[in-house]
A.B. asks: 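Mind looking over this structure? Questions follow.
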Amino acid sequence: MSLTFDLERRPDPASDERRAEILANPGFGVYFTDHMASATWTRDGGWHDGRIHPYGPITIMPSAAVLHYAQEVFEGLKAYRHEDGSVWSFRPEANAERMQRSARRLALPELPTDDFLASLRALVEVDEAWVPAFGTGETSLYLRPFLYASEAFLGVRPANEVTYSVIASPAGAYFPRGLKPVRLWISEHYARAGVGGTGAAKTGGNYASSLAGQLEGIEHGCDQAVFLDSATHTYIEELGGMNLFLVTDDGRLLTPELTGTILEGVTRSSILELAKDLGLEPEERRIEIQEWKDGVRDGHIREVFACGTAAVITPVGELCWDGGEAPSTAGDEGGEVTRSIRQALLDVQYGRAEDSRGWLTRLA
Ligand SMILES: Cc1ncc(COP(=O)(O)O)c(C=O)c1O
């Protein structure tokens, strides 16, 4: 039976003035809407108790399994306001399916796609005023579904009680002053994920394990770290929160193949589908970090960019490592291919281009 989300309305929602003040400068992940969605799963009762309730602190026991064994997964997607005032999401079923795959890997129950979509619709409907207006740049309402072991039990086994929630946060333009290429650090000491591990799942542990490499990069004057395969430290995997693409001089669009250690980004899959429309030949394969270093020097690699829901596409500038640096091919604002793919995706997301692939789902 599918979940319904009953509404318990907040008695003290943000005033129109306060909301307008936040929406004028929302940043990312700082402010949250008035409500959140939740549902509970128990081994005996399945999914039940779907509700929309006031956003606020949650109560779990100190013995809740998630706090000890990190049995949790999450998702990230956006709601976009179109010119006619309607609100849409980009391929949310892909996020629902990825959350199901992540849940299987973490021995959590799967939330059916229809229930996932119903939770987003119910939350966006009640907090619709928090979706930034059309024409305010690349602004959106970021949606963060998450699923965690809330059972109070210290034994190491899959939890018998699990909580699902969705929170929503207005998001400003990622690049308010124009695209700025990021400087990347090759994480040679720290891997993000290993073969047979949880790299392909969107689970908190992967992000925790990426932070040391990220910090090392920042200490070396870089913005982000790029992780390599943990076995040989030879092949490019991804960034801590974005997939990577390389554009070659003969019109190929290279990206590391999915080996089980990389997150299958929705943006990545969409770019692979769009590539042909833009006259590019997509190629998923293992890519040696040396190919990147040599390629930007000898002209074989023309552009490098990272992609993910938050920034859509970020041009990549210099590649740095202990004792060396490969030059940027990104100029001040990223190369031509980087910018045209970015524009093509944004145009679909904001309803400025025809949605010929049926990627948009209306939320409100
Ligand atoms: C590790 C990692 N890789 C890639 C991505 C890009 O995925 P998506 O395009 O679905 O946002 C993300 C962001 O969610 C991520 O956290």
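Every number for a ligand or one of its atoms is a count from 1 in the order of the listing.
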A.B. asks: Excluding sequence neighbours, so at least two apart, what forms ring-ring contact (aromatic ring centres under 6.0 Å, His included) with Trp292?
C.D. replies: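 Partners of Trp292 by the ring-ring contact (aromatic ring centres under 6.0 Å, His included) criterion come out as none, since no residue qualifies.
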A.B. asks: Measure the distance from atom 14 (O) of ligand 1 to every protein heavy atom, then report the residue, atom name and distance (to 0.1 Å) of the closest one.
C.D. replies: Lys202 NZ, 2.6 Å
A.B. asks: Should Arg357 and Asp277 be marked as a salt bridge (charged side-chain N to carboxylate O under 4.0 Å, His left out) after you check the CA-CA gap, both sets of side-chain angles, and the distance that decides it?
C.D. replies: CA-CA 12 Å; Arg357 291 180 172 81; Asp277 297 1; 3.0 Å; yes
A.B. asks: Hey, is the main chain of Gly221 close enough, under 3.5 Å, to the side chain of Arg183 for a donor-acceptor pair?
C.D. replies: yes
A.B. asks: Looking at residues at least two apart in the chain, or sitting in another chain, which of them share a ring-ring contact (aromatic ring centres under 6.0 Å, His included) with Tyr55?
C.D. replies: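 For Tyr55 the ring-ring contact (aromatic ring centres under 6.0 Å, His included) partners, ignoring immediate neighbours, are Phe32.
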A.B. asks: Does Trp88 have Lys78 sitting over its ring (NZ/CZ under 6.0 Å from centre, angle to axis within 45°)?
C.D. replies: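 Verdict for Trp88: no cation-pi partner in Lys78.
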A.B. asks: Checking a contact table here: which protein heavy atom is nearest atom 7 (O) of ligand 1, and how many Å away?
C.D. replies: Gly265 CA, 3.3 Å
A.B. asks: Among Val266, Leu239, Leu263, whose heavy atom sits nearest atom 10 (O) of ligand 1?
C.D. replies: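 Heavy atom nearest to atom 10 (O) of ligand 1 belongs to Val266.
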A.B. asks: Should Arg98 be listed as contacting ligand 1, given a heavy-atom distance under 4.0 Å as the test?
C.D. replies: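 So Arg98 counts as touching ligand 1.
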A.B. asks: Measure from NZ or CZ of Arg286 to the centre of the six-membered ring of Tyr235 and say whether it is under 6.0 Å with the direction within 45° of the ring axis.
C.D. replies: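 Yes, Arg286 and Tyr235 form such a contact.
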A.B. asks: Give the ring-plane orientation class for Phe305 versus Phe245, where under 30° counts as parallel, over 60° as perpendicular and anything between as tilted.
C.D. replies: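 Rings of Phe305 and Phe245: parallel, as their planes differ by under 30°.
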A.B. asks: Between Lys202 and Glu75, is the closest basic N to carboxylate O distance under 4.0 Å?
C.D. replies: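 Here Glu75 does not pair with Lys202 in a salt bridge, since their nearest N and O are not under 4.0 Å apart.
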A.B. asks: Can you report which non-hydrogen protein atom sits closest to atom 16 (O) of ligand 1, along with the distance?
C.D. replies: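 Heavy-atom neighbour on the protein nearest atom 16 (O) of ligand 1: Tyr207 OH, 2.4 Å.
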A.B. asks: What about Asn95: any of its N or O atoms under 3.5 Å from an N or O on ligand 1?
C.D. replies: no
A.B. asks: Among all protein non-hydrogen atoms, which one is nearest to atom 11 (O) of ligand 1, and what is the separation to 0.1 Å?
C.D. replies: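 Answer, as residue, atom name and distance: Thr309 OG1, 2.6 Å.
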A.B. asks: For Arg192 and ligand 1, answer yes if some heavy atom of the residue is under 4.0 Å from a ligand atom, otherwise no.
C.D. replies: yes
A.B. asks: Considering Ser210, Gly308, Gly241 one by one, which has a heavy atom nearer to atom 5 (C) of ligand 1 than any of the others?
C.D. replies: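 Among Ser210, Gly308, Gly241, the closest heavy atom to atom 5 (C) of ligand 1 comes from Gly241.
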A.B. asks: Would you tell me which option among Leu77, Thr267, Asn243 has the nearest heavy-atom contact to atom 9 (O) of ligand 1?
C.D. replies: Thr267
A.B. asks: What residue and atom, counting heavy atoms only, is the protein's closest point to atom 3 (N) of ligand 1, and at what distance?
C.D. replies: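 That would be Glu238 OE1, 2.6 Å.
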